[in-house]
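Order of the sequence lines sets the chain letters (A, B, ...), proteins ahead of strands, with each chain counted from 1. Quick caveat, the model's predicted, so the values are computed rather than measured.
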Amino acid sequence: MSGAPRYRFAPSPTGFFHVGGARTALYNWALAQRTGGTFVLRIEDTDESRNSPEWTRGIIDALAWLGIDSSSPAFEGPHFQSANAALHVEAAMRLWREGHAYWCDLTPEQVQERARESGRQGYDGYSRDRGLEPGPGRVLRFRVPEGVTVVEDLVRGRVEFSNDTIEDFVLLRGNGTPMFLLANVVDDIEMGITHVVRAEEHLPNTPKQQMLWRALGQPAPVWAHVPVLVNEQRKKLSKRRDKVALEQYRDEGILPAAMVNYLMTLGWAPAGDTEIVPWERIVEEFRLEDVNHSPAFFDVKKLLAFNGDYIRMMDPAGFIDACAPVLAATDLWPASRFDAECFTAIAPHVQTRVAVLGEVPAMVDFLFLPDAPLDDASWDKAMSADFAREILVDMASGLVDCEWSAVAIKGVLDAWCERTGVKLGKAQAPVRVAITGRSVGPPLFESIEVLGREASLARLRSALGRLD
RNA sequence: GCUCCCAUCGUCUAGUGGCCUAGGACACCACCCUCUCAAGGUGGCGGCACGGGUUCGAAUCCCGUUGGGAGUGCCA
């Protein structure tokens, strides 16, 4: 065993990959990368039946999307906690033999009853000195020593817990199965974990775990409890009310680099005046000691802004490639009508106009539909202009034999504007609606060029017909 | 209730006793650019929760108040 640090990451078994978990994973990964350490993935559930292969697969896919590559030498796992049950029980028995734990035959109801009578919280240590042997229905409890437990935390500093506020917690259930807390520590020791970087919500449990490490004869790992992610109500992100599944953002067309960069700026900031920085710089600069102490609001608006920046940073070909999945998945047009060349031609114009890839299909659908997708509000507004009919007639004739380029097409409209004195900004509106169906979208003349002469003329005539 | 954590613009943050008249980013507003919408450019709005100390000097250190949050299972 070398001295290289080993960082444990354990996603909470929720059925999806939580954005908060994603950030913690990134912290661990960045640290492992910089220090030459190892990122140890652990699936933590003492109940094997809940460790579904799909869930594990999903975790690994999500991590890969974030750039945490399971085939990297720095990546280890997944380890399944439930596979180590025998080891957990063995450790518990050792703690009992050495006097660090004792058996208790009280039922949960009896424990509650005693607490109610004495007016004190939790278990009162009733069986501490009764010298009970193991037996069915009996739980093994840890004998919390007197004194104070000091947790040295890399982000919080020194945190003290008076041991008399910690009850003798259960290690082994009445049915003999190990509790999470025990399993966790035994696995950490077994896997040589040196750094535990996780969400702040685990801080109150830390003294218990640290006592377990000591009782098992091991020096505690380095702890780091990072602040939780909250919603606008300043409450911990919840599955019910908040959008917390990483997969959902991925499916909507958030770029992994943008998500990674944004997540890293929650509770931390790279040096300098810009927060948009490549992963390499994050690896170089990120320090747990610099992580903020207070909860951070997960701001989707800012995520979108980051994503827009990342979209614009892509080269045109890269953008086109990135759009492929959303274009293939859309049901806005029949798949057979999609034309890759058309999309390639219009792509640079949509690249500056979207914040997520998911917006792309709706912006170019008019190119792949037989007719302009009609938006009534846009139509009513644009066609109410008194020159609407006139301009459509003029374009319908002008486009018949003009040179087929965006500039030439613009020239036709410019000429009309010159004759009538109508501003181009006004004059383009009815044409835009006739061609694209909407009042907003990519630049008009390029759109017409890409659409083609025949289709454009057909749409102008069809709009004219509709005007009557 | 008990234990623990936290407190800089609306939001995310920089700041570790003098470089602070508190810097940046997102959002918002205005202007410029412009065929719509964006993008881009320029500028603006806006903050150290409160009260006491310590110090020549406090956003920064200490105490208290208030306000938030988390944990409190024979769950993980």
Side-chain angles (χ1 to χ4, degrees), chain A residues 10 12-14 44-47 50 81 104 106-108 111-112 119-123 137-141 151 153 155-156 159-162 164-167 169-181 183-184 199-207 225 227-228 230 232-236 262 265-276 290 292-299 301-306 308-309 311-312 349-355 363 378 382 406 409-410 413-414 417 423-429 431-433 436 438-447:
Chain A
S12 55
T14 42
E44 289 187 343
D45 206 318
T46 53
D47 180 351
R50 281 180 300 208
Q81 186 148 74
C104 176
L106 256 35
T107 64
V111 170
Q112 261 184 27
R120 303 221 354 241
Q121 290 285 307
Y123 180 72
R138 292 183 177 178
V139 299
L140 185 69
R141 286 183 179 270
V151 173
D153 189 288
V155 349
R156 319 247 146 213
V159 185
E160 284 190 24
F161 297 84
S162 177
D164 54 26
T165 64
I166 302 171
E167 65 174 353
F169 51 97
V170 174
L171 263 19
L172 251 30
R173 299 189 184 90
N175 66 6
T177 57
M179 289 286 285
F180 162 76
L181 216 59
N184 211 11
E200 184 188 11
E201 61 205 77
H202 296 284
L203 185 54
N205 264 333
T206 308
H225 289 89
V228 292
V230 297
E232 47 280 271
Q233 276 83 237
R234 302 250 115 213
K235 297 267 199 289
K236 197 169 76 167
Y262 175 64
T265 65
L266 257 24
W268 179 79
D273 274 351
T274 172
E275 297 177 315
I276 305 283
D290 297 335
N292 241 28
H293 295 184
S294 41
F297 170 47
F298 186 82
D299 187 355
K301 266 190 169 173
K302 190 160 179 179
L303 203 214
L304 255 26
F306 270 52
D309 278 356
I311 284 179
R312 268 162 252 124
H349 300 292
V350 341
Q351 192 171 355
T352 57
R353 269 158 253 260
V354 293
M363 195 164 284
S378 298
I409 295 164
K410 179 167 185 289
L413 227 202
D414 278 337
C417 288
K423 291 262 197 248
L424 187 58
K426 295 264 184 205
Q428 59 89 36
V431 183
R432 177 180 292 279
V433 173
T436 72
R438 303 196 189 84
S439 54
V440 300
L444 215 212
F445 309 113
E446 281 80 357
S447 295

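B:C31 is paired with B:G41 under the Watson-Crick or G-U wobble criterion, all donor-acceptor distances under 3.5 Å. If you check B:U55 for Watson-Crick or wobble pairing at under 3.5 angstrom, you find it has no partner at all. Here B:G73 sits opposite no nucleotide as a Watson-Crick or G-U wobble pair (both hydrogen-bonding atom distances under 3.5 Å). The pairing partner recorded for B:C19 is none, the criterion being a Watson-Crick or G-U wobble arrangement whose two distances lie under 3.5 angstrom.
When all heavy atoms of A:D164 and A:S162 are compared, the closest pair comes out as OD1-OG, 2.8 Å. Counting all heavy atoms, side chain and backbone alike, A:A296 lies closest to A:L266 at CB-CG, 4.0 Å.
Going from atom NE2 of A:H225 over to atom C1' of B:U3 covers 15 Å, rounded to whole Å. Taking atom CG of A:L181 as the reference point, atom C1' of B:C75 lies 12 Å away to the nearest angstrom. The separation between A:E200 atom CD and B:A7 atom P is 10 Å, rounded to whole Å.
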Output a table of nitrogen or oxygen pairs between the protein and nucleotides 71-74 of chain B separated by less than 3.5 Å.
unit_1	atom_1	unit_2	atom_2	d
B:G71	OP1	A:K236	NZ	2.9
B:C74	O2	A:G174	N	2.9
B:C74	N4	A:L106	O	2.8

Atom pairs under 3.5 Å, N or O on each side, protein against nucleotides 11-13 of chain B: can you list them with distances?
unit_1	atom_1	unit_2	atom_2	d
B:C12	OP1	A:R234	NH2	2.3
B:C12	OP1	A:F297	N	3.0
B:C12	O2'	A:T265	O	2.6
B:C12	O2	A:E275	OE2	3.4
B:C12	O2	A:K302	NZ	3.2
B:U13	OP1	A:G267	N	2.4
B:U13	O5'	A:G267	N	3.4

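Residue A:A305 is in sugar-phosphate contact alone, with no base atom involved, counting any heavy-atom pair closer than 4.0 Å across all strands shown. Among the heavy atoms of the strands lying under 4.0 Å from A:E160 are primed sugar atoms or P, OP1, OP2 only; no base atom is included.
Rounded to the nearest Å, the gap between the P atom of B:G1 and that of B:G40 is 50 Å. B:A49 and B:C12 are spaced 14 Å apart, taking the P atom of each and rounding to whole Å.
The listed nucleotides are B:A76, B:C4, B:G23; the one nearest the side chain of A:D273 is B:G23.
Around CZ of A:R120, the count of heavy atoms belonging to other residues, nucleotides or ligands within 6.0 Å does not exceed 12.
The CZ atom of A:F297 sits 8.5 Å away from atom CD of A:Q233, with the distance rounded to the nearest 0.5 Å. Rounding to the nearest 0.5 angstrom, the gap separating the CD atom in A:Q428 from the NZ atom in A:K410 is 11.0 Å.
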Check your understanding: How does protein reach along nucleotides 32-51 of chain B, written 5' to 3' as B (base within reach of a heavy atom under 4.0 Å), S (only sugar-phosphate), or - (no contact)?
Key -> ---BBBBSS-----------
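Side-chain contact check for A:R432 and A:T436: no donor-acceptor pair (N or O, by modelled atom type) lies under 3.5 Å.
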